[in-house]
There are 2 protein chains.
Amino acid sequence: MVTEIKSNFYKLNDDKRELIINAAIKEFVQNGFDKASTNEIVKEAQISKGSLFNYFKSKKDLYVYVFEYSVQIIEQLYEQIDLTETDLFKRLEHIGIQKMYIQKKYPHVFDFLAQSVQEDSAEVKEIINSKVDAIYARGTKIIYQDIDYSKFREDLDIEKAIEILNWTMFGFGEKATRQINTFEDMAEFGEQYLKEWEIYAEILKYSFYKNEFRVN
Amino acid sequence: MVTEIKSNFYKLNDDKRELIINAAIKEFVQNGFDKASTNEIVKEAQISKGSLFNYFKSKKDLYVYVFEYSVQIIEQLYEQIDLTETDLFKRLEHIGIQKMYIQKKYPHVFDFLAQSVQEDSAEVKEIINSKVDAIYARGTKIIYQDIDYSKFREDLDIEKAIEILNWTMFGFGEKATRQINTFEDMAEFGEQYLKEWEIYAEILKYSFYKNEFRVN
DNA sequence: AATAATTTGACCAAGGTGGTCATCGGTGCT
DNA sequence: AGCACCGATGACCACCTTGGTCAAATTATT
């Protein structure tokens, strides 16, 4: 086995484990592997230095664990995709909501995986590159599988349209993330989120879809 | 005067000065003020430590100089905006090209100013916050001044449409920046850039504009 | 009360930090 | 050639942070 985690980390209760994971992710995404400080991580996670190195035998081990944990989260996101939904907007809408829920629990997972690709520390690079590429390839394959492209206007450059859609979702997602913590009720936020997104979606559908498919 | 730069930095030839400025910007944007290493900067700029501290009396001085230099570049970008062009797409297109030219010369200025806002080092924070907000406020004011909004569809949420446009431009700009150095001829790149952007613009115009204004 | 399991933080050697300054090398003048 | 000038250099400094350790303290279990 490549990564060996001492069993005592699993014995921790969920809250504390997530606190540590999030503290580590935050520090790694902010500073990269080399410059990430274990001192900062333990401070943020409110545990002692000794404990961290009891749970993980080295900084590298911690990184690898947190990385693989993040990968798992994405994988689970993929599993949830409903392949019977053939409308691109509806499918992406659903994924977007799931992402929001994940970001509520793990605020920097997506940033972490995005940043991990350009991690230049030789110590962790190989572990990353082999996985991340595969993950993203699988992701885009699943996400766009069985989509009904016949709804799109004939003279539309669909690839570019999808790029626009992605950039818009990303921008909107960022904006929403900034507001996420002003809501105490996550269900209420989800509702608000969906309602606002629909307006953006409608604008794009107007251009992407044939007339008869514009309104859902 | 708040920032006093020893005159010998001005005496340097343009190439070297830009090399130093870019090296500093790169390091600051990658690591923030506190963690930015002057050792890394001198290595990247191919000058000695002594020289750097001959040109600037401290790391803070260097930061402030580079920051104000970046602000100037943005200001100049604003000056160039042609206010007689009332078509939003045409105006943004023009700004986009200018930005590309700037990014060729100073690859990280925009990232630097974007990152500077969330700089948490108390030492430089106050210098930043007072300026950046003003800059962006002035920017959006100029950019959207005298735009002919009558071209837009009546039932369109113009504010949201402009957000989509911005996110799309940002996404496309990033994509283009990644390709910018594969072109040796900047003029050729500009042409290619414009041609590709037009396709994206056309997709959005289809949704934003009334029928009669779609094709330029 | 006794034992086992966890957590703690002072401590370490190693390495990096911003900044200094005696020395160097080149250029131009006499 | 000899001299004076000046920008460039990098070894050097005191200080700080680093990843990781471990004896001692605390808590949990018997």
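Fair warning: this is a prediction, and the values are worked out from it, not measured in the lab. The figures here come from the full heavy-atom set of this structure, side chains too, leaving out hydrogens, waters and symmetry mates. Proteins get letters first, then strands, A, B, ... in listed order; numbering begins at 1 in each.
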Worksheet item: Are any side-chain N or O atoms of B:Thr86 and backbone N or O atoms of B:Ile147, one a donor and one an acceptor, separated by less than 3.5 Å?
Response: no

Discussion item. Distance to the ring centre below 6.0 angstrom and angle to the axis at most 45 degrees; does that hold for B:Lys131 and B:Phe67?
Written reply: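 No, B:Lys131 and B:Phe67 do not form such a contact.
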
Discussion item. For the residue pair A:Lys205 and A:Phe89, would you count it as a cation-pi contact if the rule is NZ or CZ under 6.0 angstrom from the ring centre and within 45 degrees of the ring axis?
Written reply: yes

Worksheet entry | Name of the residue among B:Tyr63, B:Phe9, B:Tyr69 meeting ring-ring contact (aromatic ring centres under 6.0 Å, His included) with B:Phe56 |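 Single ring-ring contact (aromatic ring centres under 6.0 Å, His included) partner of B:Phe56 among B:Tyr63, B:Phe9, B:Tyr69: B:Phe9.
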
Worksheet item: What do the steps show when you test A:Ile81 against A:His94 for side chain to side chain contact (heavy atoms under 4.5 Å, CB included), and what is the final call?
Response: CA-CA 8 Å; A:Ile81 294 173; A:His94 180 248; 5.7 Å; no

Discussion item. Is a donor from one side chain sitting under 3.5 angstrom from an acceptor on the other, for B:Tyr200 and A:Glu163?
Written reply: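 Short answer, yes.
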
Fill in: Donor-acceptor side-chain pairing of A:Tyr65 and A:Tyr55 below 3.5 angstrom
no

Worksheet item: Would you say the ring centroid of B:Phe170 lies under 6.0 angstrom from that of B:Phe110?
Response: no

Discussion item. In whole Å, I'd like the distance from the CG atom of A:Asn13 to the C1' atom of D:dT27.
Written reply: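 Roughly 15 Å, once rounded to whole Å.
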
Worksheet item: Within less than 4.0 Å of OP1 or OP2 of D:dG7, is there a side-chain N or O belonging to B:Tyr55?
Response: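 No, B:Tyr55 has no side-chain N/O under 4.0 Å of OP1/OP2 on D:dG7.
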
Practice prompt. Please tell me if the side chains of B:Lys160 and A:Glu202 come closer than 4.5 Å, counting only heavy atoms from C-beta onward.
Written response: no

Practice prompt. Please find the earliest and latest nucleotides of DNA chain C, in the 5' to 3' direction, that have an atom within less than 4.0 Å of any heavy atom of chain A.
Written response: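 Both ends considered, the range comes out as C:dT6 to C:dG9.
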
Discussion item. Does the plane of the ring in B:Trp167 sit parallel, tilted or perpendicular to the ring in A:Phe172? Use 30° and 60° as the thresholds.
Written reply: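 Rings of B:Trp167 and A:Phe172: perpendicular, as their planes differ by over 60°.
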
Tabulate protein N/O versus nucleotide N/O from nucleotides 16-25 of chain D, keeping only pairs under 3.5 Å, one per line.
residue, atom, partner, partner atom, Å
D:dT18, OP1, A:Ser37, OG, 2.9
D:dT18, OP2, A:Asn39, ND2, 2.8
D:dG19, OP1, A:Ala36, O, 2.6
D:dG19, OP1, A:Lys59, NZ, 2.7
D:dG19, OP2, A:Thr38, N, 2.8
D:dG19, OP2, A:Thr38, OG1, 2.7
D:dG19, N7, A:Lys49, NZ, 3.3
D:dG20, OP2, A:Lys59, N, 2.6
D:dG20, N7, A:Lys49, NZ, 3.0
D:dG20, O6, A:Lys49, NZ, 2.6

Worksheet item: Using the C1' atoms of five pairs at each end, what's the angle between the two axes of the helix from C:dA1-D:dT30 to C:dT30-D:dA1, to 10 degrees?
Response: 0°

